[in-house]
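Here is the structure we will look at, set down as structure tokens.
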Amino acid sequence: KSIVVEEGVVKIGAAAFAGLTELTSITLPSTLTSIGFEAFRGCSKLTTINLGPNVCTLMDRWITECPSLTTVNIDESNSCYYLDVYGAIYTADGETLVRLPQARNLSEYVIADGTVRLATDALYQCSSLEIVTIPASMKTVQYGVFDGMENLKELRFKSDVAPTFENKIGNGTDAGNLKLYVPCIPDSTLEEREQGYAAVTGIKLKNITGWLADFSIIATVAEREAERGSAKVS
């Protein structure tokens, strides 16, 4: 139930504590620099992890399938990672969203402007999330990011150029009813929108509709009103 990793240890290897379903407490040393692939995967009762000042490598899926994990604390002197206001982990340069702890009770999450990459499983199984806003800076959505999100209803893009998705959205996420909000597009029939989607908005069909069984294209009201002045939009 409780583990203390002693001072002097610098690396936790791949799957070191994976599957310890009764683990509730882990104490990590200040000397730690690296946590390996799937190191804590499936630690279903673990609620908090404290990272010291020297941790500069967090491998993919290091806290995947941790449904009780609400908090990851990062030492304020750590120069490699930081937490945003939602408690999500970012690399120090702000370019990569590493992970939102799975049990953060959020219905909406706005990914920080300047983020260019969503790391593998960055939002995996964050089942409370209903709306995710993706910044214009985003380039790559790595494997499993939007899987296992049973309540996800909307992806809101700030750019008319979509990031590249590395895998199909699915595995516990209802992609068939997922709505995509994109920057304003001209009035047209749904058929015309579908046929001219890439040409009109710049979003690459292969990156979006190729991963979704069905989709809705919905311009945001604010952007359409800005384009038309004060015109009302239903």
* Lys158 and Asp113: CA distance, side-chain angles, deciding distance, salt bridge (Lys or Arg N to Asp or Glu O under 4.0 Å) verdict -> CA-CA 10 Å; Lys158 289 186 176 181; Asp113 289 338; 3.4 Å; yes
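- Listed by chain and residue number, Ser68 satisfy the side-chain contact (heavy atoms from CB on, under 4.5 Å) test with Thr47 (two or more places apart in sequence, or in another chain).
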* **Audit row: Leu20, Ile3, side chain to side chain contact (heavy atoms under 4.5 Å, CB included) steps and yes/no** => CA-CA 11 Å; Leu20 296 183; Ile3 291 175; 3.9 Å; yes
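- Here CG of Asp75 is found 12.0 Å from CG of Leu32. Values are rounded to the nearest 0.5 Å.
- In terms of heavy atoms, Leu100 sits closest to Gly87 at CD1-C, 4.5 Å.
- Side-chain atoms of Thr115 never come within 3.5 Å of backbone atoms of Leu97 as a donor-acceptor pair (strictly under, hydrogens ignored).
- Hydrophobic clustering of Ile, Leu, Val, Met, Phe, Trp and Tyr side chains at less than 4.5 Å, counting indirect connections, keeps Val98 apart from Val85.
- Two residues are said to be in side-chain contact when any heavy atoms from C-beta on lie closer than 4.5 Å; Glu154 and Ile131 meet this criterion.
- Val5 is not listed as a side-chain neighbour of Thr27, based on a closest heavy-atom distance of 4.5 Å or more.
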* Begin from the C-alpha positions of Leu28 and Val4 and carry the test side chain to side chain contact (heavy atoms under 4.5 Å, CB included) through to its verdict. => CA-CA 6 Å; Leu28 302 177; Val4 176; over 6 Å; no
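- Partners of Thr71 by side-chain contact (heavy atoms from CB on, under 4.5 Å), not counting sequence neighbours, listed by chain and number: Thr48, Asn73, Arg104.
- Remark: the backbone N or O of Asp147 is not paired with any side-chain donor or acceptor of Asn171 at under 3.5 angstrom.
- To the nearest 0.5 Å, atoms SG (Cys126) and CD (Glu150) are separated by 11.5 Å.
- Summarising the geometry of Pro135 relative to Ala112, their closest heavy-atom pair is CG-O, 3.4 Å, with the distance given to 0.1 Å.
- Within the structure, ring-ring contact (aromatic ring centres under 6.0 Å, His included) contacts touching residues 76-101 (residues at least two apart or in different chains) are Tyr82-Tyr90, Tyr86-Tyr109.
- Rounding to the nearest 0.5 Å gives a distance of 7.5 Å between CE of Met59 and OG1 of Thr57.
- Inter-residue side-chain proximity for Val72 and Asn50 is flagged as unmet; no heavy-atom pair is nearer than 4.5 Å.
- Within the 4.5 Å cutoff, the side chain of Ser128 has heavy atoms near those of the Asn105 side chain.
- The side-chain contact (heavy atoms from CB on, under 4.5 Å) search around Ser25 returns Ser2, not counting sequence neighbours.
- Contacts classified as salt bridge (Lys or Arg N to Asp or Glu O under 4.0 Å) and involving residues 116-143 (residues at least two apart or in different chains) are given here: Arg61-Asp121.
- Linking Ile, Leu, Val, Met, Phe, Trp and Tyr residues whenever their side-chain heavy atoms come within less than 4.5 Å leaves Leu118 and Tyr143 in two separate clusters.
- Residues passing the salt bridge (charged side-chain N to carboxylate O under 4.0 Å, His left out) test with Glu7: none are found, sequence neighbours excluded.
- Under a 3.5 Å cut-off, the side chain of Thr133 and the backbone N or O of Val110 do not form any donor-acceptor pair.
- With contacts defined as side-chain heavy-atom distances shorter than 4.5 Å, the pair Thr21/Ser44 qualifies.
- Evaluation of the disulfide (SG to SG under 2.5 Å) test over residues 25-64, restricted to residues two or more places apart or in two chains, returns Cys56-Cys80.
- Nearest heavy-atom pair, Ala88 versus Pro101, reported as atom, atom and distance to 0.1 Å: CA-CD, 4.3 Å.
- The distance from the OG1 atom of Thr91 to the CG atom of Leu58 is 10.0 Å, given to the nearest 0.5 Å.
- A 4.5 Å side-chain heavy-atom check between Ile26 and Phe17 finds at least one atom pair inside the cut-off.
- The two atoms that bring Thr140 and Pro163 nearest to each other are N-CB, 4.0 Å, heavy atoms only.
- Residues Gly52 and Asn78 approach most closely at O-ND2, 2.9 Å, considering heavy atoms.
- Contacts of Thr33 classified as side-chain contact (heavy atoms from CB on, under 4.5 Å), with partners at least two apart in sequence or in another chain: Val10, Asn54.
- Applying the salt bridge (Lys or Arg N to Asp or Glu O under 4.0 Å) definition to pairs two or more places apart or across chains, none involves residues 92-103.
- Within the 3.5 Å criterion, the main-chain N or O of Pro53 finds no donor-acceptor partner in the side chain of Ser77.
- For Lys11, the NZ atom counts as loosely surrounded, since its 6.0 Å shell holds 12 or fewer non-hydrogen atoms of other residues, nucleotides or ligands.
- For residues 41-50, the pairs satisfying salt bridge (Lys or Arg N to Asp or Glu O under 4.0 Å) are Glu22-Lys45, Glu38-Arg41, Arg41-Glu65, with sequence neighbours left out.
- Heavy-atom neighbours of Phe37 CZ from other residues, nucleotides or ligands within 6.0 Å: above the threshold of 12.
- Thr120 pairs by the side-chain hydrogen bond (donor to acceptor under 3.5 Å, both in side chains) definition with Asp60, not counting sequence neighbours.
- Residues Val145 and Tyr124 do not share a hydrophobic cluster, clusters being chains of Ile/Leu/Val/Met/Phe/Trp/Tyr side chains in contact below 4.5 Å.
- One hydrophobic cluster holds both Met149 and Leu106 under the rule that ILVMFWY side chains link at heavy-atom gaps under 4.5 Å.
- For the pair Phe40 and Cys66, the tightest heavy-atom approach, listed with the atom from each and the gap, is O-SG, 3.2 Å.
- Connection of Val132 to Phe157 is established within a shared hydrophobic cluster, with ILVMFWY side chains joined at heavy-atom distances below 4.5 Å, either directly or through further cluster members.
- Atom CD of Gln125 and atom OG1 of Thr173 lie 9.0 Å apart (nearest 0.5 Å).
- Within the model, atoms CD1 of Ile89 and CG of Leu51 stand 6.5 Å from one another, a figure rounded to the nearest 0.5 Å.
- A ring-ring contact (aromatic ring centres under 6.0 Å, His included) check over residues 55-76, counting only residues at least two apart or in different chains, returns nothing.
- In this structure, Phe146 and Phe165 have side chains that are in contact, with non-hydrogen atoms separated by less than 4.5 Å.
- For the pair Leu129/Asn151, no side-chain contact is recorded, criterion being any heavy-atom separation below 4.5 Å from C-beta on.
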